[in-house]
Amino acid sequence: MTVSPATTSTESPQRGLIMALSPLDPLNGFVYMWYHVFLWSLFSSILVHFVAAAIAFGRMRKHKIGRFIPVAILVMGFVSPITGGAVTSAAIAGVYRASGFEMGSLYALAWGVGQTIVLIFISFTRILATL
């Protein structure tokens with residue numbers, strides 16, 4: 001096995017193919033599991049917040065101050081998964097790694113989108129206000 005200058009012998013051959021995995025390729029390293037769950041969480045959150053910002057802009061476009069609310073919605077679409085989503089994705093990947101399980105790519109999708117669904121549920125039900 002020859003080692004190219006760009007890679008070392010300890011790196012996985014999947015490193016360059018991180019976004020080109022098929023649904024049948026397992027994710028068997030902590031970084032790969034964390035990265036895929038995090039990306040699905042980030043992209044699904046951005047999609048949901050983009051739709052919410054578009055609705056808010058359509059409803060508040062003539063308001064003097066309210067027209068800037070969609071910007072705050074979009075910022076939260078990035079900040080929320082980058083902070084909390086990164087931590088929960090690492091926790092999910094850590095549990096999979098510690099238990100020795102391999103995560104399928106579709107499971108990473110389910111965990112990432114599931115984080116966004118839980119975020120939406122908590123936001124709408126106001127569970128945090130009762131604590």
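Because the structure is a prediction, the values reported are computed rather than measured.
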- Query: Does S80 reach the main-chain N or O of G77 with its side chain, forming a donor-acceptor pair under 3.5 Å?
  - Reply: no
- Kindly indicate whether the side chain of V37, heavy atoms from C-beta on, has any atom under 4.5 Å from the side chain of M103. yes
- Item | Flag side-chain contact, heavy atom, 4.5 Å: Y96 against I92 | yes
- Minimal non-hydrogen separation, H36 against A108, with atom names: CB-CB, 3.7 Å
- Taking all non-hydrogen atoms of both residues into account, name the closest pair between L27 and Y32 and its distance. CD1-O, 4.1 Å
- Task: Say whether, by atom type as modelled, one donor and one acceptor occur between the side chain of R67 and the main chain of A56 under 3.5 angstrom.
- Result: no
- Task: May I ask whether V113 and L106 are part of the same hydrophobic cluster, defined by side-chain heavy atoms of I, L, V, M, F, W, Y residues being less than 4.5 angstrom apart, directly or through others?
- Result: no
- Shared ILVMFWY cluster between L74 and V51, side chains joined below 4.5 angstrom? no
- Query: Taking a hydrophobic cluster as the set of Ile, Leu, Val, Met, Phe, Trp and Tyr residues connected by side-chain heavy atoms closer than 4.5 Å, whether directly or through intermediates, do I82 and Y35 fall within one such cluster?
  - Reply: yes
- Task: Report whether M33 and F101 are members of the same hydrophobic cluster (ILVMFWY, side-chain heavy atoms less than 4.5 Å apart, transitive linking).
- Result: yes
- Note on the structure: Shortest non-hydrogen pair, T88 vs Q115, comes out as OG1-OE1, 2.8 Å
- Are any non-hydrogen side-chain atoms of L119 and H49 less than 4.5 angstrom apart? yes
- Query: Please walk me through it: do L47 and F43 pass side-chain contact (heavy atoms from CB on, under 4.5 Å)?
  - Reply: CA-CA 6 Å; L47 177 69; F43 291 146; over 6 Å; no
- Kindly check if the number of other-residue, nucleotide or ligand heavy atoms within 6.0 Å of CZ (F50) is above 12? no
- Are any side-chain N or O atoms of S45 and backbone N or O atoms of S41, one a donor and one an acceptor, separated by less than 3.5 Å? no
- Query: Any chain of hydrophobic side-chain contacts (each under 4.5 Å) joining L39 to I46?
  - Reply: yes
- W34 ring center near F38 ring center (under 6.0 Å): yes
